[in-house]
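Have a look at the structure below before the remarks.
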Amino acid sequence: MSKSPRIAVIGAGLGGAATASLLLQEGFDVRVYEQAPSFSRLGAGIHVGPNVMKILRRIGIEDALNAQGSHPDYWYSRHGLTGDVLARIPLGDYAVKTYGASYLTVHRGDFHALLIEALPERVMAYSRHLVGVTDRGNDVEMRFADGSVEHADIVIGADGVNSHIREALLGPEPPKYAGYLAHRAVFPTPEVKAGMLPFDACVKWWTDDRHMMTYFVTSKADELYYVTGVPVEQWDLNDRWLPSSKDEMREAFQGWHPTVQALIDATVEVTKWSLLERDPLPLWSRGRLVLLGDACHPMKPHMAQGAAMAIEDGAMLVRCFKEVGAHNHELAFALYEANRAERASKVQRISHDNTWLRTNEDPSWCFGYDVFSEPLVEPKAK
Ligand code: FAD
């Protein structure tokens, strides 16, 4: 084997792109294989908590993201019908002081673009859809839809909820439809800013069976995003998303607070996404293959921590490579799983239950986490 193992990352989503940057910084030989020919600014927002910003600091994009995103002073939870405040969680300067970095909301496409720009072009291989992978003992063979074949010493599956690497490890099994749809819309702010409640920069509206989360996705607060969770019994898993409409939104949120109605009225375009989950996997790695992010623990997005877990996974995996040496990949993978499984499963469970910050709870276990300084626990003996 060469001195520096060749590491292939499958998938350049938020998890894969961040992991590749961190690997490069530590001097590893990395190549990223992404099925898409390129990325565009798709309509969605994302929360980026202090636990992630500390990792983005290491990657070198913390300042750029801080400049792009909106910095809410509070996360509000409000009753969907009355607008009554159910919880007010301090963020803003408090988050910087208490958790060690800022909490922001931003356009997902802008965040992803920063991660991709941080990677040198030479490491990115676009239009490479992985269709076959074989761990041959002394290396891994990867086969792509375009007929190309590549080899690596370690393969990281950051290939999302329908991960091919997960299938190679555990066999084919589609993810479970969680029984909820998420409507997503990004649109210009001005129409909805006037009147009604003072407009909260980050607010989740709740009733017993559904919710709508709203926040700005730019520092200028000129673009707003909402994402819902609405129970819908049946969904054809062949469709990841479909177009929705204002009428459908009005029906789903009939009788809700006037501010919510104003948001629906201001909607330009809205899509609906199926929410998918898996039960915790019995293994995260075998031989030279290892999983991270949605490939490993897809979850409902109700804690706004799915991408955060993918990026934390990547940072911990790189830390474990450094700790025991990437040549000791099986030991590194065991150490990685031992230090990630509990936290990722906890976030998965709370996301499933959709209880996060509905009341005034203390989020410090989540936002205060620093993947680089968290004491490591030893893998359990098998
Ligand atoms: P992905 O982002 O899915 O990336 C996988 C990549 O692999 C893609 O680029 C894909 O093209 C590529 N790929 C797949 N298969 C192959 C193949 N065979 N060969 C090559 N490439 C392949 N998370 C948060 O932290 N905060 C939020 O506010 C938040 N809001 C959300 C709202 C909604 C409605 C949803 C659905 C999710 C939300 N999430 C949020 C969760 C977050 O989007 C995911 O957890 C996160 O994107 C997972 O990152 P990943 O890198 O593991 O996978």
Side-chain angles (χ1 to χ4, degrees), residues 8-20 31-40 42-49 51-53 55 69 75 103-109 111-112 115-116 124-133 142-146 148 150 155-168 175 178 180-185 202 204 211-213 215 217 225-230 240-241 271-278 291-314 344 347-348 351 356 366:
V9 178
I10 308 298
L14 296 168
T19 306
R31 193 136 168 84
V32 184
Y33 299 95
E34 166 59 47
Q35 64 185 5
S38 62
F39 291 113
S40 55
L42 290 177
I46 194 162
H47 298 244
V48 186
N51 48 322
V52 184
M53 290 301 276
I55 302 172
W75 162 307
Y103 188 106
L104 55 86
T105 57
V106 68
H107 196 291
R108 188 192 166 95
F111 176 26
H112 192 221
L115 279 171
I116 295 292
M124 284 298 305
Y126 286 104
S127 300
R128 294 292 196 95
H129 178 202
L130 184 83
V131 291
V133 64
M142 297 168 287
R143 296 174 295 285
F144 296 91
D146 62 0
S148 58
E150 305 276 356
V155 175
I156 300 174
D159 47 348
V161 65
N162 290 306
S163 167
H164 190 87
I165 303 298
R166 191 214 64 84
E167 187 172 323
Y180 281 81
L181 293 185
H183 302 87
R184 292 165 125 176
C202 174
K204 186 163 175 176
H211 66 260
M212 180 191 279
M213 177 97 224
Y215 50 85
V217 293
Y225 171 65
Y226 66 67
V227 56
T228 74
V230 173
R240 185 67 214 276
W241 66 273
T271 52
K272 52 185 176 183
W273 295 70
S274 59
L275 298 186
L276 306 175
E277 296 178 299
R278 289 185 190 277
L291 298 172
L292 64 77
D294 277 11
C296 192
H297 41 65
M299 57 185 84
K300 281 157 82 183
H302 303 337
M303 240 182 109
Q305 284 283 332
M309 290 304 106
I311 294 168
E312 284 184 7
D313 281 351
V347 170
Q348 223 179 354
S351 300
W356 182 239
C366 182

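Order of appearance sets the numbers: ligands from 1, and atoms from 1 within every ligand. None of the values given here were measured: they were computed from a predicted structure.
- Using 4.0 Å as the threshold, Ala158 has a heavy atom nearer than that to some atom of ligand 1.
- With a 4.0 Å heavy-atom cut-off, ligand 1 is reached by the side chain of Ile10 but not by its N, CA, C or O.
- Checked by distance only, ligand 1 and His164 stay at 3.5 Å or farther apart across all their nitrogen or oxygen atoms.
- Ligand 1 has an N or O atom lying under 3.5 Å from an N or O atom of Gly306, backbone or side chain.
- Polar contact with ligand 1: absent for Phe39 (N/O pair, distance under 3.5 Å).
- Less than 4.0 angstrom separates some heavy atom of Arg184 from each of these atoms of ligand 1: 32 (C), 33 (C), 34 (C), 35 (C).
- In summary, the atoms of ligand 1 found under 4.0 Å from a heavy atom of Gly160, numbered by their order in the structure, are 3 (O), 5 (C), 53 (O).
- Taking 4.0 Å as the cut-off between side-chain N and carboxylate O, Glu150 and Arg128 count as a salt-bridged pair.
- Using a distance-only test at 3.5 Å, with no hydrogens or angles considered, no donor-acceptor pair links the side chain of Asp159 to the main chain of Ile10.
- Where the criterion is an N or O separation shorter than 3.5 Å, residue side chain and backbone included, Leu292 fails it with respect to ligand 1.
- Residue Glu34 has at least one nitrogen or oxygen atom sitting less than 3.5 Å from a nitrogen or oxygen atom of ligand 1, judged on distance alone.
- Donor-acceptor pairing under 3.5 Å is lacking for the side chains of His183 and Tyr226.
- In terms of polar-atom proximity, defined here as any N/O pair under 3.5 Å, His47 does make such a contact with ligand 1.
- In this comparison of Ala17, Ala307, Ala295, the heavy atom closest to atom 23 (N) of ligand 1 sits on Ala307.
- Listed for the Tyr215 side chain is a donor-acceptor partner under 3.5 Å among the backbone atoms of Ile46.
- At a heavy-atom cutoff of 4.0 Å, ligand 1 is contacted by no atom of Phe144, backbone or side chain.
- When atom types are taken as modelled, the side chain of Gln348 and the backbone of Arg278 share a donor-acceptor pair closer than 3.5 angstrom.
- One option in Met309, Arg128, His302 has a heavy atom closer to atom 20 (C) of ligand 1 than any other, and that option is Arg128.
- Between Leu130 atom CG and Ser163 atom OG the span is 9.0 Å, to the nearest 0.5 Å.
- For atom 52 (O) of ligand 1, the closest non-hydrogen atom on the protein side is Asp294 N, 2.9 Å.
- Between Arg108 and ligand 1, at least one N/O pair is under 3.5 Å apart.
- By the 4.0 Å heavy-atom criterion, Trp273 is excluded from the residues contacting ligand 1.
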